Amino acid sequence: MAIIPIAGSERFSQDGSPIDPTADYGDLSLHLIDDESVAGIDALTYEVIRHRLVSVTDEMGDAIKRMSGSVVVTDCNDFGAAIMDEAGEAVQLGLYNMQLGSSLDMAVRWTLENRSDNPGIHPGDQFLLNDPWVGGGLHQNDVTILSPVFHEGQLFCWTGAVAHQVDLGGVSPGSWSVEGKDVFWESMPIPPIAIVERGKLRKDVEDSYLRRSRVPKLIGLDLRAKIGANNVAKDRIAGLIEKYGPDTVKAVMKRMMGDAETKLRSKLRRLPDGEWSAVAHQDGARTGDRDIHKIIVSMTKQGDSLTFDFTGTDPQVEGIINCTLAGLRGGILPIVLTMLCPDIPWAPGGIYRCIDIISEPGTINNCTFPAGIGKASVNSAWSTQNAVSETVAAMLGTDPELAKDSMSVCCGTWDLALLAGVDQRGAGFVTMLCDSMAGGMGAKVDGDGVDSGGVNAIPMGRVADVEINEFSFPMLYLWRREEIDSGGPGRYRGGLGASSCFVPHGSPLGGVHLVVSATGKSVPQSSGLSGGYPAATQWDVLIRRSRILESFQRGSIPQSFEDLGGELSTLPTHYETDMAEGDVYFTNWQGGGGMGDPLLREPASVAADVFGGRVSAEAARQIYGVQLNDDGITDQEATAALRSELRSARAGVA
């Protein structure tokens, strides 16, 4: 497919190069300090202010949750908050969705370079954007509000709040246009625009922003939540400046990034130099596409730095799964932070100094305008994260102590199930179900992955209660449960994935509109390591004309497909349809990858998994080589013989 560049679109593209704090930004004056001030900060003051800055991002998160009305935000924590210095380098990233905060530095740099002269950057301003080519988010539904913080006329720092918005227009509800070919099928990106000027909300800009949404009141509430979060951060930072002085607070910010860089470089020097590679696959870029699209990464560790080389990655495609450079960085940073930096301050401005990225523009995870990016965050960005996870874990495996911080790939894909229509109160609604936030965690070198434990890119990710979803939307759950054999087999088993099964319920229209988009149906996404197997593939089923209403009349709740009856259809990667009363939707999302050879797993652990419903007796026998008696106790002699037989079969020996 030929990508046709749009005239002027290159102005919105970035190369990810470091920010220059000494650049000329017109009349804008930046608050700068010298290296001596940073070095002179005493340890006690540093720790007190550092922890206060960390707490500011926590307070920003609390403010967003308290003011938002979206279940995606209030109950599932799909948002981010961060503090950047005067030039945009990230000082502190909040413990929410780390993907969303990974490119706020790009957005600040673009705003400085393109808005300083016209319309200008002033005290009290806040800028709205959702353009992933600029940064600040991975797809258009990630809407960022950036706020410059001034002190005595000088730009002191920036704060940023970003959250997933449930609908911003486009062909399909929720802005997930599964038939889309390019960005013009989707919600249109907005480069930074001043939505608050000198402390006053611009109604004209707000109206033009909300006009695109099917649920403008909800989006307007989220807008105010993010503006409010920035105001909270501004007040807290002003209080720190008043108490300790601007130079001291700024010195701590610089020191936080410097410490993160120093500690990461020290940890890297401890590891041997080498090169590790991985490939991540995605099945289907849009409705009807049955191709497999790959992302290749070769990670080189040399001295105290890392290079991620994506040479060989497939070209961008006609569909919704491409991601921009912001998405590529969003696939790297969460893994580096969680695996390499669990004991290092999460100051991305310092972390990025240790990382080089090689990527050709026009590829599936560094696409050029106008490629479709509506599902970038949970497709090419997520797949980039899977591949990076494999390489970083393999590198950590060379050190006995650091290996304990590694894990196999966690829930390797996001199972999108989006509902829209008229709710039980007669109002229009659109929502993305976040049940698959409870993905299985990858296995570790010394233990099993956490069952339905989450996703490693969102440390504070949560699953909304069933009751909250049923109260908020016209749906009724039949079950939400962990699924047997969904975790990747290994010496240490990957965490189980889970499933949801529900019916439309309470809408005056009877049914609801359904949008499905989930990769990993033909190729497993949660890879195992060191001989571990991948987790089970994604599985979505739509059941038309089931017997559910008759079951309710009898006072019973079905617990299996056999109980439901009706016409079962396994859904493709991307699908859009209407659900009527009596239709049932089942979705089974992925677990985590396994670690080590399954034939090395302790038979007692396999028996316990079978007893606990995590592993079937068939999988215990065929994959783990464990033979159980009728009472569930391991038959040691039969197990030894079976494992010997399986090893011989692997080697091709009769």
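Values in this document were obtained by computation on a predicted structure and should not be read as measured data.
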Starting from the C-alpha separation in whole Å, work towards a yes-or-no answer on side chain to side chain contact (heavy atoms under 4.5 Å, CB included) for Ser187 and Asn130. CA-CA 9 Å; Ser187 175; Asn130 73 331; 4.2 Å; yes
Quick check: are there more than 12 heavy atoms from other residues, nucleotides or ligands sitting under 6.0 Å from [atom1] of [X]?
X      : atom1 : result
Ile557 : CD1   : no
Glu360 : CD    : no
Phe552 : CZ    : yes

Side chain proximity check, [X] to [Y], heavy atoms < 4.5 angstrom:
X      : Y      : value
Ile190 : Leu128 : yes
Glu567 : Arg545 : yes
Ile320 : Asn379 : no
Val584 : Met579 : no
Cys501 : Tyr477 : no
Val178 : Arg286 : no
Ile373 : Gln140 : yes
Phe502 : Leu419 : yes

Minimum heavy-atom separation for [X] and [Y], please, with both atom names.
X      : Y      : result
Leu328 : Cys323 : N-SG, 3.8 Å
Glu581 : Gly510 : CG-O, 3.1 Å
Arg544 : Asp578 : NH1-O, 2.7 Å
Ser383 : Gln525 : OG-OE1, 4.0 Å
Val512 : Phe429 : CG1-CZ, 4.2 Å
His574 : Gly284 : NE2-O, 3.1 Å

Please list, chain by chain and in numerical order, all residues satisfying side chain to side chain contact (heavy atoms under 4.5 Å, CB included) with Asn141, sequence neighbours excluded. His139, His164, Ser175
Can you confirm whether or not the ring centre of Phe561 sits under 6.0 Å from the ring centre of Phe586? yes
Any sub-3.5 Å donor-acceptor pair from [X]'s side-chain atoms to [Y]'s backbone N or O?
X      : Y      : result
Gln590 : Gly520 : yes
Trp382 : Cys411 : yes
Glu470 : Ile468 : no
His293 : Asp314 : no
Ser389 : Gln385 : no

Before accepting this row, confirm whether a basic side-chain N of the pair [X]/[Y] lies closer than 4.0 Å to the acidic partner's carboxylate O.
X      : Y      : answer
Asp105 : Arg329 : yes
Asp563 : Arg547 : no
Asp435 : Arg480 : yes
Asp451 : Arg614 : yes

May I ask you to check whether [X] and [Y] show a side-chain donor-acceptor distance below 3.5 Å?
X      : Y      : result
Asp309 : Ser298 : no
Thr287 : Glu179 : no
Gln538 : Thr519 : no

Is it true that the NZ or CZ of Arg462 lies under 6.0 Å from the centre of Tyr96's six-membered ring and within 45 degrees of the ring axis? no
Test side chain to side chain contact (heavy atoms under 4.5 Å, CB included), reference Phe310, set Ile357, Thr363, Ile296, Asn366, output is Ile357
Of Thr413, Asp540, Thr570, Asp283, which meets side chain to side chain donor-acceptor pair (under 3.5 Å) against Lys521? Asp540
Tell me every residue that passes ring pair (Phe, Tyr, Trp, His ring centres under 6.0 Å) with Trp133, counting only those two or more places apart in sequence or in another chain. Phe369
